[in-house]
Amino acid sequence: MPELPEAETIARGLRAPLLGRSIEDVEVLKEDLLSVPKAEFRASLRHRSVHGVGRRGKNVVVEVGPGSARGGDVDRLVVNLGMSGRLLRRRPAEPAPLPGHTGLHFRLDDGSALIYRDVRRFGRLAVLPPDAYRDWSRGLGPEPLADGFRARHLIGALSRSRSPVRSWLLDQRRIAGVGNIYANEALARARIHPGRAARDLSPDEGRTLHRVLRSVLREAIDAGGTTLRDYRTAEGSEGSYADALRVYGREGHPCTRCAGTIVRIRLGGRSAFLCPRCQPAGQQHDSRRRTRPT
DNA sequence: ATCGTGACCTGGCTGC
DNA sequence: TGCAGCCAGGTCACGA
């Protein structure tokens, strides 16, 4: 669930409370969330201050500066939330026991805390020095909301792949941050069948996909993300974009555009949702008709 | 190289 | 009510 808009919402919610705080200690309750031994992870974060909170793809990125007694670099704590990960802020006055499935507990110098909770434990956390972060980031595709991400880049990249366009959108090496919900929603708005080969899309369809993908992601960020079950913001509240979904999870319901019935198909081992009337398989839309799908 | 499939882990829902 | 079976937003490794 946590895709780009959810990671962005969490990062924004953590920025003000975390900025300038120092990490007093890290308690690791679920070591399998880490790729290094917990002692090493703990040592890499203790007594370091938070310089920034951002996002790359679906990952929340916390920049930690050098601790008081050490010189050196700004490292980054990269949090991949997997399917059910939550990053929750605890205010100083909240004593409360840790919630179930808490994996990590970061104690901050103002008495507040940051909790990583993950029921399914598909999430991963790592502290990366600058060069390792650069390598990791280079392995991800472009940010779809970046100013430099233009329609021609998307069209060019799509034209080189025979993969079904929905699978293409899910591949983080090709484009960062898109998951199953927003891939399905963008394709529905662009009226493109998710199973069509990426390279078979017309340039017009590529331009449309570029536009609607960005608008879907922006609207979802404005709504605080999509809560279907697990996702919560840093304050523990739900995102409201589920109300705006047109196809995802709406199997059997009417299409908001043509009143046809939304169906679910299996594609690459996972569910895809579409309106068969608005998103016909195998053929392209008439490019002379300059309709503006929304 | 590219693409598709299954595994990872746990909880919630459905249907018998 | 109990329980087996199925499903889930993500990523990774493997084999065709």
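Chain identifiers are assigned alphabetically (A, B, ...) following the order of the sequence lines, protein sequences preceding nucleic acid strands; residue numbering begins at 1 within each chain. What you see is a predicted model; the values in this text were computed from it and never measured.
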Checking contacts here: which listed nucleotide ([options]) is nearest the side-chain heavy atoms of [X]?
X	options	value
A:Pro164	B:dT10, B:dG4, C:dA8	B:dG4
A:Gln172	C:dT11, B:dG11, C:dA8	C:dT11
A:Arg120	B:dT2, C:dG10, B:dC9	B:dC9
A:Arg270	B:dG11, B:dC3, C:dG10	C:dG10

Would you say [X] places a side-chain N or O within less than 4.0 Å of OP1 or OP2 belonging to [N]?
X	N	value
A:Ser84	B:dG11	no
A:Lys30	B:dC9	no
A:Arg266	C:dA8	yes
A:His101	B:dC9	no

Distance-only, no hydrogens or angles: does the [X] side chain make a donor-acceptor pair with backbone N or O of [Y] under 3.5 Å?
X	Y	value
A:Asp109	A:Ser22	yes
A:Gln279	A:Pro194	no
A:Arg86	A:Asp230	yes
A:Thr233	A:Glu235	yes

Going by ring centres under 5.5 Å and near-parallel planes (under 30°), is A:Phe122 stacked on C:dT11?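 The ring of A:Phe122 is not stacked on C:dT11.
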Value rounded to 0.5 Å, distance of CZ in A:Arg189 from CG in A:Leu187:
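Between A:Arg189 CZ and A:Leu187 CG, I get 11.5 Å after rounding to 0.5 Å.
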* Separation between the P atoms of B:dT5 and C:dC7, rounded to whole Å ->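 Looking at atom P only, B:dT5 and C:dC7 are 15 Å apart.
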message: Say we look at C:dC14 and B:dC9: how far apart would their P atoms be, to the nearest angstrom?
response: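 So the two P atoms sit 16 Å from each other.
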Looking across every strand, which nucleic acid part, if any, lies under 4.0 Å from A:Arg264 by heavy atom: base, sugar-phosphate, or nothing?
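Answer is sugar-phosphate: A:Arg264 comes under 4.0 Å of backbone atoms only.
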Practice prompt. Look at all strands and tell whether A:Arg160 reaches a base, only sugar-phosphate, or nothing, counting heavy atoms closer than 4.0 Å.
Written response: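 Counting heavy atoms under 4.0 Å across all strands, no contact is made by A:Arg160.
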Subject >> Nucleotide forming a Watson-Crick or wobble pair with B:dC8, both distances under 3.5 Å >> reply: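 Looking at the geometry, B:dC8 pairs with C:dG10.
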Would you kindly give the [atom1]-to-[atom2] distance between [X] and [N], to the nearest whole Å?
X	N	atom1	atom2	result
A:Arg162	C:dA16	CZ	C1'	13 Å
A:Leu267	B:dG4	CG	P	8 Å
A:Ile175	C:dG10	CD1	P	14 Å
A:Ile10	C:dG10	CD1	P	14 Å
A:Arg166	B:dC3	CZ	P	14 Å
A:Glu31	B:dC9	CD	P	15 Å
A:Tyr248	C:dA8	OH	P	7 Å
A:Glu251	C:dC6	CD	C1'	13 Å

query: Donor-acceptor pair under 3.5 Å: do we get one between A:Arg229's side chain and the base of C:dA8?
result: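 Not at all, since no donor on one side and acceptor on the other fall under 3.5 Å apart.
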Looking only at the aromatic ring of each residue, does the gap between the centers of A:His210 and A:Phe149 stay below 6.0 angstrom?
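That pair passes the under 6.0 Å test.
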